[in-house]
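Lettering of chains follows the sequences in order, A, B, ..., and the numbering in each one begins at 1.
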2 protein chains.
Amino acid sequence: MDGGEYTRDQHRSAGGALEGESPQRPRDARETRARILRAAGAVFAGRGYEAATVRDIAARAGVNQALIFRYFGSKKALLTEVMAQDGKEQVSTTPPELLFETALRGVLAEGGGAEADRLAVYLRSIGSADAAPETVRALGEEYATALAALSGAEDGTLRAQLAMAWLLGIGLMRVVVRQEPLATAEPDAVCAHVLAALDRLLPVLPGGEPGRGTGQERPGGRP
Amino acid sequence: MDGGEYTRDQHRSAGGALEGESPQRPRDARETRARILRAAGAVFAGRGYEAATVRDIAARAGVNQALIFRYFGSKKALLTEVMAQDGKEQVSTTPPELLFETALRGVLAEGGGAEADRLAVYLRSIGSADAAPETVRALGEEYATALAALSGAEDGTLRAQLAMAWLLGIGLMRVVVRQEPLATAEPDAVCAHVLAALDRLLPVLPGGEPGRGTGQERPGGRP
DNA sequence: CCCTTGTGTAAGCACACGCTTACAACGCTA
DNA sequence: TAGCGTTGTAAGCGTGTGCTTACACAAGGG
């Protein structure tokens, strides 16, 4: 399917420093590890955990597959490491009332940003691997508690998880089911609809009536 | 893991007509086919397509695995047939304005009803198998057009698909991620929240303010 | 009776997978 | 130079998979 990019020319790699870190060292374990991680992310995202093979990942990374086991121990451990990449960073660096919209826009962002890739890994691997559901649960818990905290309602956690479920579902429809018109709809349009609807669930989120484009109004408190 | 029910006593099967069709025929191809189909549904739902094995399904159905290939040709064809079971029936037999709530309640229904099983098959197999996304897309199209028809809005299809995405996401959270409290929340409570929120998206759906239980109000037109 | 057709079974083929092993090339210090 | 730990490689082991083959019964027709 995909052409054979990344066929690294053994040692003496040319000049093209591709991560902004120590360009052109011939036997660099850190670089190799990172390369494997990146390749694994792409392959897991494109095919799901079960369908992805260690040989594929090794080939894409341009390394021998034995290295994968030296560096990560097992295929499952590799998946875990791929999914654990930052992730919870966003929760702690984004103000809670913007968390949902930020995440939504991340889901809606086009074309293999690292973030969309990670979501695809979740979605495509979620059915198997049992590492995936666990990670989704853990990450989801962080998002949910952050969102629940700012809704004063008694069932705030439920409400927050319902919102997250919508996020996941939208990602599923766009990334793996690819159903039109949702798959290629304008992020702004989707965002407006979702935020408007969620106004009933989590009243503190920004975003009022549908069709307004980016939500910027209603910046402050709730009654 | 699961106890070995279904260890059919070869020929001379006892009396218990279990499908309401031609009880107790010793070598009944139709019955065997149906048994395989049922077993496949259960195994695919519990483990996802890739992780499920033909041997598992055969054992659960109490038949030789070679029969599976005689009757269905391949594992993938079996998946397709399992997912194609009725499905679109619901769309044509349910009045559009109740379609969403009916589907939602199906998703929320506890414990392996055939419907929840089929949803689990979708969700757990959606990442791989590429038969699954296709079927979800096809089925989703039917739901979406039915829902879109009753919303007069120009972007009715988008709105309908967003609603379906929520459905899928809620199913994912409950069935495969199993995140609490959503996983074991009261169907009525979830339903009320979702319908209330969707009132902004698809105004013709029943269901107004949250916390009311089943919605019955606002039966008619939109402005 | 044999022959054919439909249903069920035991055994195994070919292959791709995750993972391991034995070894070579390199960079470094002495 | 030799010694040593690190990084990379080629080859293959064991296993489980989807799927096939060759055969055993049952029933009907000549």
Side-chain angles (χ1 to χ4, degrees), chain A residues 1 6-13 21-22 24-37 39-40 43-44 47-82 125 128-131, chain B residues 1 6-13 21-22 24-37 39-40 43-44 47-82 125 128-131:
Chain A
M1 291 270 173
Y6 286 126
T7 47
R8 135 152 117 130
D9 29 317
Q10 295 304 75
H11 319 141
R12 94 184 55 194
S13 70
E21 179 132 22
S22 72
Q24 159 184 17
R25 268 258 298 286
R27 290 159 63 94
D28 185 341
R30 274 178 46 75
E31 231 300 290
T32 304
R33 235 188 94 102
R35 201 209 313 275
I36 291 172
L37 228 32
V43 175
F44 284 148
R47 247 167 300 183
Y49 174 79
E50 302 272 1
T53 75
V54 175
R55 283 169 174 85
D56 284 336
I57 296 169
R60 173 147 195 151
V63 303
N64 189 286
Q65 61 159 328
L67 282 189
I68 290 182
F69 294 96
R70 193 201 306 280
Y71 286 135
F72 299 94
S74 73
K75 185 191 178 188
K76 194 155 162 178
L78 176 58
L79 204 225
T80 306
E81 197 133 345
V82 167
S125 309
S128 39
D130 55 276
Chain B
M1 297 266 167
Y6 289 126
T7 47
R8 137 152 114 128
D9 29 314
Q10 297 301 76
H11 318 142
R12 94 183 60 192
S13 70
E21 181 131 24
S22 71
Q24 160 185 14
R25 271 259 298 287
R27 290 158 63 95
D28 185 342
R30 276 176 47 75
E31 232 300 290
T32 303
R33 234 187 95 100
R35 202 209 314 274
I36 292 171
L37 228 33
V43 175
F44 283 147
R47 246 168 300 184
Y49 175 78
E50 301 273 1
T53 74
V54 176
R55 283 169 174 84
D56 284 337
I57 296 169
R60 171 145 196 155
V63 303
N64 189 285
Q65 60 159 328
L67 282 190
I68 290 182
F69 295 96
R70 193 199 309 275
Y71 286 135
F72 299 94
S74 73
K75 185 191 178 189
K76 193 151 155 184
L78 177 58
L79 203 225
T80 306
E81 197 133 346
V82 166
S125 309
S128 39
D130 55 274

Identify which nucleotide among [options] has an atom closest to any side-chain atom of [X], counting heavy atoms from C-beta outward.
X	options	result
A/R55	C/dG12, C/dT9, C/dC17	C/dC17
A/Y71	D/dC19, C/dT7, D/dG8	D/dG8
A/R70	D/dT9, D/dG18, C/dC19	D/dT9
B/A66	D/dT21, D/dT9, D/dG18	D/dT21
A/T32	C/dC19, D/dT9, D/dG8	D/dG8
A/L67	D/dG18, D/dG8, C/dT9	D/dG8
A/N64	C/dC19, D/dC19, D/dT9	D/dT9

Rounded to the nearest 0.5 Å, how far apart are [atom1] of [X] and [atom2] of [Y]?
X	Y	atom1	atom2	answer
A/T80	A/Y49	OG1	OH	8.0 Å
A/R33	A/D28	CZ	CG	12.0 Å
A/Y71	A/T32	OH	OG1	5.0 Å
B/K76	B/S125	NZ	OG	12.0 Å

How close or far is atom [atom2] of [N] from atom [atom1] of [X], stated in whole angstroms?
X	N	atom1	atom2	value
B/I68	C/dT9	CD1	P	12 Å
A/L79	C/dC17	CG	P	16 Å
A/R33	D/dG8	CZ	C1'	16 Å
A/K76	C/dG18	NZ	C1'	13 Å
B/F69	C/dC13	CZ	P	17 Å
B/E50	D/dT17	CD	P	12 Å
A/F72	C/dG18	CZ	P	15 Å
B/K75	D/dG16	NZ	P	15 Å

Task: Cation over ring face, B/K75 and B/F44, 6.0 Å, 45° - done: no
- [ ] For B/A52, answer base if it contacts any base atom (sugar-phosphate contacts may also be present), sugar-phosphate if it contacts only those atoms, and nothing otherwise; contact means non-hydrogen atoms under 4.0 Å.
- [x] sugar-phosphate
Open item on the list: Both B/G73 and B/D56 contact DNA chain D. Which one's nearest nucleotide lies toward the 5' end?
Closed with: B/D56
